[in-house]
Amino acid sequence: MRTSQLLIPTLREDPGEAEIASHRLMLRAGMIRKVAAGIYTYLPLGLRVIRKIERIIREEMNRAGAQEILMPILSPAELWRETGRWDFYGKELLRCKDRHERDFCFGPTHEEVITDLFRREVRSYRQLPLNFYQIQTKFRDEIRPRFGLMRGREFLMKDAYSFDKDEEGAGRSYQKMYDAYHQIFTRCGLNFRAVEADTGLIGGSMSHEFMVLADTGEETILFDENGAYAANVERAEVPPPPGASLEPQRSLQKVSTPNATTVEEVCTFLKTSPENLVKTLLYHTEKEEIVGVLIRGDHEANEIKVKRCLGVTGLTLADAETVARVSSAPVGFAGPVGLKNIQILADHAIQGMRNFVVGGNESDTHLLNVNWDRDFKVDIFTDLRQAQAGDPSPRGGTPLRSAKGIEVGHVFLLGTKYSQAMGATFLDPNGKETLAVMGCYGIGVGRTAAAAIEQNHDRKGMIWPLSIAPFHIHLLPVTASENVQETTQALYASLVNAGLEVLWDDRDERAGVKFNDADLIGAPFQVTIGDKGLATGAVDVKNRRTGEITKVSYKEVATYLSNQLSLNKTPQLENW
RNA sequence: CGGGGCGUAGCGCAGCCCGGUAGCGCGCCUGCUUUGGGAGCAGGAUGUCGGAGGUUCAAAUCCUCUCGCCCCGACCA
């Protein structure tokens with residue numbers, strides 16, 4: 001392809017709106033342009049990358065036995081009302097009305113639509129298992145879209161939905177998708193990790209996220225050295241403490257702690273350390289109840305764990321007024337001793353503690369030598385805190401390490417949540433009507449492209465993994481002589497004949513401009529053709545990643561590059 | 001939704017405090033020279049200063065409203 005026939009509006013300067021590498025570089029390389037907040041047009045170069053990723057996804061999904069379909073972007077409100085998500089989804093669900101005033105929404109995901117298809121068309125266990133997928137534009141009216149394709153409102157997603165006759169089958173379908181995802185992201189040339197995840201709004205019983213490791217990632221993951229455990233920090237379990245403290249219980253003591261409201265201030269004032277302190281957090285649940293959550297001073301509460309423990313979906317820290325009413329003290333002095341009529345949950349780390357410090361439920365007061373059971377009752381001891389680096393792994397106890405990740409894929413074992421709500425049943429061998437057991441599986445296509453850039457770029461631009469590069473080779477004739485033009489033409493033909501994807505910079509630009517654009521666009525190899533080299537019958541082949549430049553006889557370039565490309569190939573299986 | 005910031009030429013920005021009718025760099029167009037890492041010279045085009053209203057003899061500049069965008073937070077398959 002000649003550059004003169006593609007719109008590749010590269011920018012010399014960084015656009016003001018872009019913060020992170022992928023966003024900045026995609027704009028600069030002319031791959032995307034913004035149309036509105038979180039809404040982008042893919043230009044030819046950007047679309048090529050998207051198509052490459054889609055192709056890998058299709059091959060692996062097909063290989064795993066899934067069948068491609070295409071559902072509509074718009075779906076009718078009735079389907080969403082059946083599962084309750086019309087109300088539950090909130091403002092993220094973009095709604096509209098048609099000319100007859102009927103309610104519709106732009107699909108943020110497609111469980112309702114696919115489950116409706118299933119219940120209409122599938123009758124018998126003989127037809128199962130089934131797995132349908134599509135690559136379709138999704139719309140989620142994100143509160144704050146950001147970082148270009150990383151978190152858009154409109155975005156391309158591959159979503160798949162499996163239907164099985166029982167839990168066991170659903171587990172197998174889940175495993176197939178899990179394996180396919182490994183294959184997909186490996187083929188995309190990404191350094192990623194599958195981690196245990198929370199199921200969030202989608203619901204279900206088991207879930208893994210596929211995280212591309214990158215410092216700009218919005219998610220924090222924890223994993224152990226030997227690969228036995230990896231989880232999203234939202235999900236990561238903390239094992240119970242090894243044993244109770246053997247320290248003798250001392251007598252309760254009330255002390256004045258003027259203006260000491262933070263853990264740090266209290267510790268400084270009482271000359272103790274945060275490990276001896278217990279924070280009392282008061283939360284509102286959606287049912288208007290107040291619960292007390294006890295967390296060791298140097299730990300953070302994990303609200304998802306608290307929600308799960310209580311079986312609620314809404315949880316907010318109580319405001320100052322409520323704290324004052326419940327604890328009869330300003331924020332910072334609440335404590336479990338003497339708190340009446342509210343449920344007390346405690347992180348299990350506290351089970352191992354003796355003689356700790358808590359708030360005194362009085363202004364400027366704390367209590368020393370507090371002991372659970374003796375001084376207050378705990379309704380539930382369980383894992384309630386955020387895991388952190390250094391904590392023991394729940395599988396084997398080696399210390400966890402943390403990293404930032406970009407969520408590019410997510411697999412869920414849904415169970416019968418949707419089939420139940422929508423009556424998606426089939427007849428089992430005994431003629432009994434049975435609920436389908438479902439799974440759902442998403443991949444952010446644009447986000448995968450963005451993640452690849454986050455992981456593969458340098459100061460000058462992008463460095464594409466071969467499998468998803470917009471082009472394999474960037475041809476750069478740098479002088480205008482007839483010899484160079486003719487050689488370039490011949491070279492282009494021979495490379496294309498060898499099955500390579502070649503971008504030919506045929507613009508009338510100076511060498512420096514071409515070199516800089518080529519580094520920015522990041523094709524894995526650049527071939528420079530100039531009079532200087534041709535004098536000895538050679539062209540320069542540059543490996544974008546290593547920066548290494550090799551002089552190659554122009555007659556052998558096609559062979560040389562074919563070899564280089566197969567050396568740089570990411571693992572790939574034959575087509576289905 | 002809370003906090004902060006920005007909308008001035010295609011892009012990046014100055015001018016705004018202290019009103020006097022718009023400028024710089026890059027890009028773009030023409031010509032000549034140049035041509036292996038973002039060329040030089042000469043000439044040229046381009047703006048309803050985000051929008052609406054107000055104050056004023058006069059508004060990019062001051063005031064009010066409004067729309068859009070960015071960042072932090074809350075939120076989030």
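What you see is a predicted model; the values in this text were computed from it and never measured. By convention in this document, chain letters (A, B, ...) are assigned in the order of the sequence lines, proteins followed by strands, and residues within each chain are numbered from 1.
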Pro108(A) vs Val513(A), nearer the 5' end of RNA chain B by closest nucleotide: Val513(A)
Who pairs with rU64(B) - Watson-Crick or G-U, where each distance is under 3.5 Å: rA52(B)
N/O (side chain, Arg144(A)) to phosphate O (OP1/OP2, rC72(B)) under 4.0 Å: yes
Proximity to the side chain of Ala511(A) - top-ranked nucleotide from rG36(B), rC26(B), rG73(B): rG36(B)
Whole-Å gap separating P (rG37(B)) and CZ (Arg12(A)): 14 Å
Sugar-phosphate, base or nothing in reach of Gly533(A), heavy atoms under 4.0 Å: base
Rounded distance in Å - CZ (Phe515(A)) to P (rA39(B)): 12 Å
Strand partner of rA59(B), provided both Watson-Crick or wobble distances fall under 3.5 Å: none
Sugar-phosphate, base or nothing in reach of Gly530(A), heavy atoms under 4.0 Å: base
Counterpart base for rC24(B), defined by Watson-Crick or G-U wobble contacts under 3.5 Å: rG12(B)
Sugar-phosphate only, base, or nothing, as touched by Asp517(A) at under 4.0 Å among non-hydrogen atoms: base
Gap in Å between the two P atoms, one belonging to rG27(B) and one to rA42(B), rounded: 15 Å
Euclidean distance for C1', rG40(B) against rC26(B) (whole angstrom): 16 Å
Residue pair Val445(A) / Phe155(A), side-chain heavy-atom distance below 4.5 Å: no
Rounded P spacing from rG44(B) to rA52(B) in Å: 32 Å
Whole-angstrom distance between rG7(B) and rC49(B), as gauged at atom P: 15 Å
Arg510(A) side chain near rU35(B) phosphate (N/O to OP1/OP2, under 4.0 Å): no
Criterion salt bridge (charged side-chain N to carboxylate O under 4.0 Å, His left out) on Asp519(A) and Lys542(A), from CA distance to verdict: CA-CA 10 Å; Asp519(A) 287 344; Lys542(A) 173 171 152 183; 3.0 Å; yes
Opposite nucleotide pairing with rC41(B), Watson-Crick or G-U, both atom distances under 3.5 Å: rG31(B)
Between P of rG38(B) and CG of Asp14(A), the distance in whole Å: 18 Å
Sugar-phosphate, base or nothing in reach of Ala480(A), heavy atoms under 4.0 Å: nothing
Sugar-phosphate only, base, or nothing, as touched by Glu13(A) at under 4.0 Å among non-hydrogen atoms: base
Sugar-phosphate, base or nothing in reach of Arg33(A), heavy atoms under 4.0 Å: nothing
Nearest atoms (heavy-atom pairs only) where Arg544(A) meets Ala523(A): CB-O, 3.3 Å
P gap between rC29(B) and rG5(B), integer Å: 40 Å
Nearest-0.5 Å distance that lies between atom NZ in Lys34(A) and atom CE in Met26(A): 14.5 Å
Touch class at under 4.0 angstrom, heavy-atom based, for Ile143(A) against every strand present: base
d(CZ, Arg459(A); P, rG38(B)) in whole Å: 13 Å
P spacing across the pair rG12(B) / rC69(B), given as an integer number of angstrom: 15 Å
Opposite nucleotide pairing with rC1(B), Watson-Crick or G-U, both atom distances under 3.5 Å: rG73(B)
Whole-angstrom distance between rU61(B) and rG19(B), as gauged at atom P: 12 Å
SB check Arg187(A) Glu60(A) (cutoff 4.0 Å): yes
Atom of Ala403(A), atom of Leu213(A) and distance for their closest heavy-atom approach: CB-CD2, 4.5 Å
His410(A) or His23(A), whichever maps to the more 5' nucleotide of RNA chain B: His23(A)
Sugar-phosphate, base or nothing in reach of Phe155(A), heavy atoms under 4.0 Å: base
Whole angstrom value for the distance that separates P of rC76(B) from CZ of Arg153(A): 18 Å
Nearest-Å distance for atom pair CG/P, residues Asn516(A) and rC26(B): 16 Å
Listed nucleotide nearest any side-chain atom of Glu509(A), set rC71(B), rC28(B), rG38(B): rC28(B)
Nucleotide rG10(B), atom C1' - distance to CD of Glu17(A) in whole Å: 14 Å
Between rG43(B) and rG38(B) - P atom distance, rounded Å: 25 Å
Sugar-phosphate only, base, or nothing, as touched by Lys91(A) at under 4.0 Å among non-hydrogen atoms: nothing
Salt-bridge criterion met for Lys91(A) and Glu142(A) (N-O under 4.0 Å): no
Listed nucleotide nearest any side-chain atom of Lys34(A), set rC69(B), rG36(B), rG37(B): rC69(B)
Close side-chain approach of Met150(A) to Ile20(A), heavy-atom, < 4.5 Å: yes
Distance, rounded to the nearest Å, where Glu303(A) contributes CD and rC75(B) contributes P: 7 Å
Touch class at under 4.0 angstrom, heavy-atom based, for Lys138(A) against every strand present: nothing
